[in-house]
Amino acid sequence: MSRSEPVEASNFIRNIVESDLAAGKNDGQVVTRFPPEPNGYLHIGHAKSICLNFGTAERYGGRCNLRFDDTNPVRESEEYAHAIEEDVRWLGYEWDRLCHASDYFDELYEYACQLIREGKAYVDSSSAEEVREMRGTLTKPGTPGPYRNRSVEENLDLFQRMKDGEFDDGEHILRARIDLSAGNINMRDPTLYRIRKVRHVRTGDAWSIYPMYDYTHCVSDAIEGITHSLCTLEFEDHRPLYDWVLDELGTPCHPQQIEFARLSLEYTVLSKRRLIQLVEENHVHGWDDPRMPTIVGMRRRGYTAASLRDFCERIGITKNDAWIEMAVLETCIRDHLNRDAPRRLAVLDPVRVIITSLPENHEQTLTFANHPQDEGAGSRPVPFTREIFIERDDFAEIPPPKYQRLVPGGEVRLRGAYVIRCEEVIKDDAGIVTELRCSHDADTLGKKPEGRKVKGVIHWVSVKHGIPAEIRLYNPLFTLPDPGKADSLVEAINPESEIILTSCVVEPSLSAAAPEEHFQFERIGYFVGDRHDHSKESLVFNRTVTLRDTWAS
RNA sequence: UGGGCCGUCGCCAAGCGGUUAAGGCACCGGGUUUUGAUCCCGGCAUUCGGAGGUUCGAAUCCUCCCGGCCCAGCCA
């Protein structure tokens, strides 16, 4: 069962870190951070960033902080923060320090005063609309407003009073004085502080002004001694500002911001706005719906943390706008579950089979290996009786070409048991098969049948011993590779993304299954006990992913 | 049309002036198999968005062109 770990490719960030290390930069330290805003649940795209940041630190013997970017109290909450902590831990990472941008509000304020004193920041009392107009457009430079040349004293006084709560939201902002004609719009006197008379989860009512991301992030990084500040491509344009702030402030530490491409995964969406829409409009059952690309959703679906980490390693880190096919993700989880998940028998859509050649009360306990390639996984008893259920799909009156399951008059192997032959097909008035009468070859338990080959093998469950279960099948949430490009996101939703089967029958050993326990239901796929709805009294399994199927259906 | 960035196999992705252009996914064979699974073995870019140029030698350097992404929040 030994499978070699995938050969790891290099990536440009590792190359940079390694050459920094070789050059003796940062005293040989590697310090990174994962900086989520606590205003939503983490998704697989965040997992990429988490693996990159924590993984890089781990790889080079460094440290990684978890830092909440809590600079906008109007949209952040503690609930999200807790969920984020749990997700990061579940993914298998532990932070060096748990930080909050709000921890630095005092320093941030002092630094802002420094900028004002040096004439590098000013209070602008224009309205939001005026500021926007004066900023110019992509092709037209901005124009200076009437407040740009206020005296240092006036700026200091105004900023102090903004802090003291003398003004209402929107009355003033603090802006950096950089270059209104810069081609990079981020440099056209960006906003540093805005007035928000809102209670902050951590600082309470202490502040009535809150710092903007661009100003806060670089300073926070510097305070924490971050060496490599890794972020996504859309912040590339912000790097000059990041560097400007730290250069002007003369902070002792000046981290290097490096940008990489965010993840795009086919047949799903990863934008916070769209995920919120799915939840709020009830297109899914919540953030942890197994169809959601959120960490909690994928966890509930049955993805393991290791498979997600493997996925992040396999897709690599570049600056290309890459779209990853679902197949990559599915291969990751199949690989891990194939190795670790015990095998079980479950019939999703049962049809009764009566083995007429067996006595009425025939009952026999068979021993099944839990894993075909791993003896250490042990075995379990599986009861075999005269009446069993098989999968409706595993019988065909008129079989398609190359079909190798049960057909009238034909033979098939019952997994781990005997070879049976279909002698009679019973149907109801509507022509639906209700029962199959079969004979068995008593000399085929654990041995091949004499004088003929039986290619097909099907799974089954004893009617008498089988346990009812609900099984939830999941398919891609969207019918389009890039649902974001659809005219309407809602129209792109796959009506078959969730199929709930309530008449399934599973082998008796599954009555001991725990929530979040993984199994392979032989010939069908990998399943997991639902984290919330599964119990020993009421079995509920989610299909994580199907088995690979190379049979042209 | 201002600024920033990206283009190596169907999808990812190594490569950093001299390699037979790694590897993974997908796909196509073939073998093993009481899961049409797994596993194994083999195939899969005379070519690096295009055209010029520099060089003994270019995916790697230069020029131009083509295609794509991001930016005008008092969001992050």
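Per chain, numbering begins at 1; letters A, B, ... match sequence-line order. Computed from a predicted model, the values in this text were never measured in an experiment.
A cation-pi contact, defined as under 6.0 Å to the ring centre and within 45° of the axis, links A:K163 to A:W207.
Across B:A72 and B:A26, the matching P atoms stand 39 Å from one another, rounded to whole Å. For the C1' atoms, the distance from B:U32 to B:U38 is 11 Å, rounded to whole Å. Here, B:A45 and B:A37 have their C1' atoms 31 Å apart, quoted to the whole Å. Going from the C1' atom of B:G52 to that of B:C12 covers 31 Å, rounded to whole Å. Separating the P atom of B:A59 from that of B:A21 is a span of 9 Å, rounded to the nearest Å. To the nearest whole angstrom, the two P atoms, one in B:C44 and one in B:G36, are 30 Å apart. Spacing between B:G49 and B:C56 at atom P, rounded to whole Å, works out to 25 Å. Remark: the separation of the C1' atoms in B:C16 and B:A76 is 34 Å, to the nearest Å.
Residue A:R523 has a polar side-chain atom (N or O) positioned under 4.0 Å from OP1 or OP2 of B:G36. Using a 4.0 Å cut-off, some side-chain N or O of A:T318 falls inside it from OP1 or OP2 of B:A13. Neither OP1 nor OP2 of B:C71 sits under 4.0 Å from any side-chain N or O of A:R188. Residue A:R196 places at least one side-chain N or O closer than 4.0 Å to OP1 or OP2 of B:C75. Within the 4.0 Å cut-off from OP1 or OP2 of B:A72, not a single side-chain nitrogen or oxygen of A:K140 is found. Remark: A:T191 is in phosphate contact with B:C74, judged by side-chain N or O atoms under 4.0 Å from OP1 or OP2. The side chain of A:N15 places an N or O atom within less than 4.0 Å of a non-bridging phosphate oxygen (OP1 or OP2) of B:G15. Distances shown here put every side-chain N or O of A:S127 at or beyond 4.0 Å from the OP1 or OP2 atom of B:C74. When the side-chain nitrogen and oxygen atoms of A:S10 are compared with OP1 and OP2 of B:A13, none of them lie within a distance under 4.0 Å. Note on A:R175: every side-chain N or O is 4.0 Å or more away from OP1 and OP2 of B:G73. Between B:U38 and A:R334, no contact under 4.0 Å exists linking OP1 or OP2 to a side-chain N or O. At the phosphate of B:C74, OP1 or OP2 sits under 4.0 Å from a side-chain N or O atom of A:R135. At B:A26, one or more side-chain N or O atoms of A:T331 fall inside 4.0 Å of OP1 or OP2 (strictly under the cut-off). OP1 and OP2 of B:A37 both lie 4.0 Å or more from every side-chain N or O belonging to A:N338.
The pair A:D124-A:R148 does not meet the salt-bridge criterion, since no charged nitrogen lies less than 4.0 angstrom from a carboxylate oxygen. Under a 4.0 Å N-O distance rule, the pair A:E330/A:R548 does not qualify as a salt bridge.
For A:H518, there are no side-chain hydrogen bond (donor to acceptor under 3.5 Å, both in side chains) partners, not counting sequence neighbours. Listed by chain and residue number, A:H43 satisfy the ring pair (Phe, Tyr, Trp, His ring centres under 6.0 Å) test with A:H46 (two or more places apart in sequence, or in another chain).
On a pure distance criterion of 3.5 Å, a polar donor-acceptor pair joins the side chain of A:D237 and the base of B:G3. Residue-to-nucleotide contacts include a donor-acceptor pair under 3.5 Å from the side chain of A:R405 to the base of B:G36.
Nucleic acid contact class of A:G446 (heavy atoms, under 4.0 Å, all strands): base. Base contact: A:F235 has a heavy atom under 4.0 Å from a base atom.
Across all strands shown, B:G7 pairs with B:C66; the Watson-Crick or G-U wobble distances both stay below 3.5 Å. With a cut-off of 3.5 Å on both pairing distances, B:A45 has no Watson-Crick or G-U wobble partner at all. Partner assigned to B:A13 is none, using Watson-Crick or G-U wobble distances below 3.5 angstrom.
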Audit row: A:D243, A:R239, salt bridge (charged side-chain N to carboxylate O under 4.0 Å, His left out) steps and yes/no:
CA-CA 6 Å; A:D243 290 331; A:R239 180 157 25 97; 5.4 Å; no
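At a cut-off of 3.5 Å, with distance as the only test, no side-chain donor of A:N39 or A:E76 sits close to an acceptor on the other residue.
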